[in-house]
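Chain identifiers are assigned alphabetically (A, B, ...) following the order of the sequence lines, protein sequences preceding nucleic acid strands; residue numbering begins at 1 within each chain.
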Amino acid sequence: MAENNSSSLMEKVISLSKQRGFVFQSSEIYGGLKSAYDYGPLGVELKRNIMNEWWRSMVHEREDVVGIDASIIMHSKVWHASGHLAGFSDPLVDCLISKERFRADKAPRPQPKDELPIECADKGQAKIYLEAIQKRFNIELKRNGKTLYGMKVIDENTMGFFPDDSGKPAETFPYKGYVSPTFGSPFLSDERQFNLMFRSQIGPIDVMGDITAYVEQNKELDGKELRTGIEEIVKKSAVYLRPETAQAMFVQFLNCQQSMSMKVPFGIAQMGKSFRNEVTVEHFIFRSCEFEQMEMEFFVEPGSQKEWLDYWRDRRMEWWQKLANDPSKFRYRAHEKDELAHYADACYDIEYEYPWGFDELEGVASRTDYDLKKHAEHSGAKLSYFDQQKQDPETGKNGWRYTPYVIEPAAGVTRGLLVYLLDAYHEETVPNADGADSSRVVMKLHPRLSPIKVAVLPLVKKEGLPDIAREMVSGFFKAGINARYDEQHSIGKRYRRHDEAGTPYCLTIDGQTKEDGTVTIRDRDTMKQERISKDEALQIIQKRLIES
RNA sequence: GCGAAAGUAGCUCAGCUGGUAGAGCAUAACGUUGCCAACGUUAGGGUCGUCGGUUCAAAUCCGAUCUUUCGCUCCA
């Protein structure tokens, strides 16, 4: 088998995705929309199959997990309680010279009397920046190689340009208290809020009307005051697209627990779309603003979270590996303390070795009781659990009321789809009809993930063979198996086409079928064929799908 | 957001210094063949990402913009 060059594997998978109908660029005929993707005829099947497998293993096959499907738009108080509305808007600043954008709270903070050298990447850049500063601020900094100097912090709010050693500034500027991390530039824009959640307005009356009226009535206000006023108006009817599906499980914790009489430990699972205004989008469908998640919140007794964290990490790892050709490409990595989100006391990332290196596929986090407590606090609901069988560890009395701890396996569907496309892609050298080498591309998707399970192919388009094939196809449909009739082109070409689509089995109807009622079944991976009875074909394929 | 590269037929690409677009594969039809990318004949398909500028003339030069890829930054 020819080894794939990993740098071009991504390109090949993207190209095949488009050609075979797995993934298309969104709005392509209008020039495409930044990092939004559509799932094509095969992609939608693959995505659903991944999600169905997840649902089956996480919900159907478990007595201790129930599912929900919550709305994408939730009460905006949910996001206040979860901390998303605060945490989502980080103040960002642009360097006016280099155009670098960075987070103000993470920037270096030179103190009064400190020099403010601007370290450029090279001499050429230094010259360009020198000119830009001269043009914009009308001061001529000194240049030494790739460093520009002459700026100094005077006090907390002021910096100055010191052209000589006299100690007197030729010009002073307001100082923001920090400089840009890469160049050390103190020439910065104001801090701006970048909302990472998608905001919209609910209600039929456009909020622009209220804003216009407000602005007209408050013409004397300055920019900052106006902004605050407008924010108030907008926020009144603002709704947000969920940035994760998890919050719905916390908010519906009591309803699920009570309606289904669930006893801790138990979980609530959900699959669906989430939305984030990512700062950067990258790697095809790996990170995009609209994405799909498969999340489960597993509620456990306080103190047992470590044990359950390990349990779910292992279960999830097994699941990913079971459906892949190469389990060695998966690993898990414990988060460092400084990497942990504010709500977590431990976290594992399940990572996959993508063409650009190991990167996240699923996070298994121990979220403590943070979320339930926050929602209890903000909503006034009693989001706790009463266990009659247990003793309260503090009072020693029978019956224990506590806020459950939460273990959260949160997987990206879209990332999973990318992983399985990458894992499935194989190029092989196989003999052609004359025995010479020819190459074939085959998507070795797990049969249960394959968009099409079985292709039924009449060897020729005549002698009644198409009728037999179509009859078999409808038999598969009745059994709930996605089959496909295909009569275009030579038989060899049809096999190769279904190799690329990842179809695991091809049934071929030939002249002998009419004589003895047998067909050939061809295996995608081995390319081996056997003759089986036409009437047993459905059973045989059903059996292989279950056992695979 | 910054830097670099790219965008020409469904796909992969060619098109040299400006002169009104080509190949292979793919697609469709007919014929022949009949088990691993067959052959023959024929056909369809591009306002060269978009907008603007220079020019007698722009796929080609210039500017802007959108999109993609890679690197940086970011990823609560």
Tell me which of A:K18 and A:G492 sits closer to the 5' end of RNA chain B, going by the nucleotide each one is nearest to.
A:K18
Any side-chain donor paired with an acceptor under 3.5 Å for A:S274 and A:E244?
no
Side-chain N,O (A:H489) to OP1/OP2 (B:C36) below 4.0 Å
no
Could you check how far CG of A:D486 sits from C1' of B:U27, rounded to whole Å?
14 Å
Parallel under 30°, tilted from 30 to 60°, perpendicular over 60°: which one fits the rings of A:F286 and A:Y354?
perpendicular
Residues from residues 521-529 of chain A lying under 4.0 Å of RNA chain B - heavy atoms
A:R522, A:M527, A:Q529
Using purine N1 to pyrimidine N3 plus N6-O4 or O6-N4 for Watson-Crick, or N1-O2 and O6-N3 for G-U wobble, each under 3.5 Å, what pairs with B:C48?
none
With the criterion being N/O to N/O and under 3.5 Å, what pairs connect the protein with nucleotides 45-48 of chain B, and how long is each?
none

Please state the P separation for the pair B:U33 and B:G40 - nearest whole angstrom.
16 Å
Would you call A:E353 and A:R333 a salt bridge, using N to O less than 4.0 angstrom?
no
Can you tell me which residue among A:F291, A:F24, A:F284 is in a ring pair (Phe, Tyr, Trp, His ring centres under 6.0 Å) with A:Y37?
A:F284
Looking only at heavy atoms, which two atoms of A:R313 and A:V364 are closest? And how far apart?
N-CG1, 4.0 Å
Does a salt bridge link A:D499 with A:R440, judged by any charged N lying under 4.0 Å from a carboxylate O?
yes
With a 4.0 Å cutoff (strictly under), does any side-chain N or O of A:K493 reach OP1 or OP2 of B:C36?
no
According to side chain to side chain contact (heavy atoms under 4.5 Å, CB included), who are the partners of A:N482, at least two apart in sequence or on a separate chain?
A:E45, A:I452, A:F477
Among all residues two or more places apart in sequence or in another chain, which pass the side-chain hydrogen bond (donor to acceptor under 3.5 Å, both in side chains) test with A:D359?
A:W356
Distance check, C1' atoms only: B:G15 and B:A23, in whole angstrom units.
11 Å
OP1 or OP2 of B:A28 under 4.0 Å from side-chain N/O of A:Q488
yes
Using side-chain hydrogen bond (donor to acceptor under 3.5 Å, both in side chains) as the criterion, list what pairs up with A:W54, not counting sequence neighbours.
none
Side chain A:R287 and base B:C75 donor-acceptor under 3.5 Å
yes
Pair A:T508, A:Y495: side-chain N/O donor-acceptor within cut-off below 3.5 Å:
yes
Do A:R531 and A:T518 have a side chain donor and acceptor closer than 3.5 Å?
yes
Taking A:E360 first and then A:R415, would you say they form a salt bridge - that is, a charged N and a carboxylate O separated by under 4.0 Å?
yes
Any side-chain N or O of A:H283 below 4.0 angstrom from OP1/OP2 of B:C70?
yes
Presence of A:S490 side-chain N/O under 4.0 Å of B:A38 phosphate oxygens OP1/OP2:
yes
Which residues, if any, of residues 503-511 of chain A bring a heavy atom under 4.0 Å of RNA chain B?
A:T508, A:D510
Output the single nucleotide from B:A76, B:U27, B:U68 whose closest atom is nearest the side chain of A:Y37.
B:U68
